[in-house]
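Working notes, beginning with the structure itself.
So you know, we letter chains A, B, ... as the sequences are listed, proteins then strands, and number each from 1.
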Amino acid sequence: NAGVTQTPKFQVLKTGQSMTLQCAQDMNHNSMYWYRQDPGMGLRLIYYSASEGTTDKGEVPNGYNVSRLNKREFSLRLESAAPSQTSVYFCASRATPYYGYTFGSGTRLTVV
Amino acid sequence: AQRVTQPEKLLSVFKGAPVELKCNYSYSGSPELFWYVQYSRQRLQLLLRHISRESIKGFTADLNKGETSFHLKKPFAQEEDSAMYYCALSGQIGETSGSRLTFGEGTQLTVNP
């Protein structure tokens with residue numbers, strides 16, 4: 001039972017490069033989320049998808065785009081990476097609002 | 001708007017001592033509250049949901065709507081409890097905000113031998 005799988009685990013980008021972070025869950029959850037984690041700032045929501053076919057902005061969406069490819073997969077794209085996007089990115093999913101999230105293991109991204 | 005505040009960024013106690021991690025929230029309706037734990041460089045794991053009123057690893061948390069608090073407590077801390085703890089809030093079902101969690105900034109707990 002894999003839960004939430006994120007790839008890659010680590011990535012170094014140069015300023016201006018683009019990349020896509022992948023996330024897949026095998027729990028048939030409806031909702032999926034992308035957060036970034038920065039020291040002293042907790043987790044901040046970037047984008048989320050309440051159900052297949054819908055996506056919405058969170059607190060810090062600038063510089064990112066998302067795609068809910070199907071019920072299982074929710075990808076996060078950085079079109080032109082900036083040093084301010086250096087962070088740890090977590091994907092999460094949840095079945096219903098009564099339950100907590102299941103998190104992936106994170107992607108540690110460094111933009112130089 | 002929903003907001004979660006964890007006033008202590010760092011908390012240090014000795015093994016066997018009681019520990020309380022504070023969490024205050026701001027939300028106009030009836031929130032769902034959670035505690036998550038993150039051990040060093042690992043994924044976040046759900047520790048407690050207020051709705052289930054359970055005790056995990058000796059930790060408990062009581063929702064106090066009057067004080068808008070959801071403090072996490074353990075009577076006797078262990079060294080393996082050292083971790084980052086996040087309090088999180090979800091709004092009411094049916095609201096747009098109800099499908100997402102808002103996290104506090106986290107409290108780094110260190111339990112010294």
Consider only side-chain heavy atoms of I, L, V, M, F, W and Y, link residues closer than 4.5 Å, and tell whether V111(A) and I46(A) are in one cluster. yes
I need the F90(A) CZ to Q38(B) CD distance, nearest 0.5 Å. 4.5 Å
So, do Q45(B) and Y101(A) sit near enough that their side-chain heavy atoms are less than 4.5 Å apart? no
Would a hydrophobic clustering, with Ile, Leu, Val, Met, Phe, Trp and Tyr connected at side-chain separations under 4.5 Å, put L109(B) with I56(B)? yes
Same hydrophobic cluster for L48(B) and Y39(B), using side-chain heavy-atom links shorter than 4.5 Å among ILVMFWY? yes
Any side-chain heavy-atom pair of L44(B) and L43(A) under 4.5 Å: yes
Where does L45(A) contact chain B at under 4.5 Å (heavy atoms): side chain, backbone, both or neither? side chain
In this structure, SG of C91(A) is separated from CZ of R43(B) (nearest 0.5 Å) by 10.5 Å
State, with a plain yes or no, whether a side-chain heavy atom of M41(A) is found less than 4.5 Å away from one of F103(B). no
Do you know which of R108(A), R44(A), E59(A) has the most heavy-atom pairs under 4.5 Å to chain B? R108(A)
With a 6.0 Å cut-off (strictly less than), is the heavy-atom count around CZ of R3(B), excluding the residue itself, greater than 12? no
Atom of R94(A), atom of S90(B) and distance for their closest heavy-atom approach: NH1-OG, 3.4 Å
Flag side-chain contact, heavy atom, 4.5 Å: Y35(A) against L101(B): yes
Side-chain heavy atoms under 4.5 angstrom apart, residues restricted to Ile, Leu, Val, Met, Phe, Trp, Tyr: same cluster for Y33(A) and Y89(A)? no
Engaged part of Q6(A) at the chain B interface, taking heavy atoms whose separation is under 4.5 Å: neither
Is there a continuous path of hydrophobic side-chain contacts, each under 4.5 Å between heavy atoms, that joins V4(B) to V60(A)? no
Can you tell me if K71(A) has over 12 outside heavy atoms packed within less than 6.0 Å of its NZ? yes
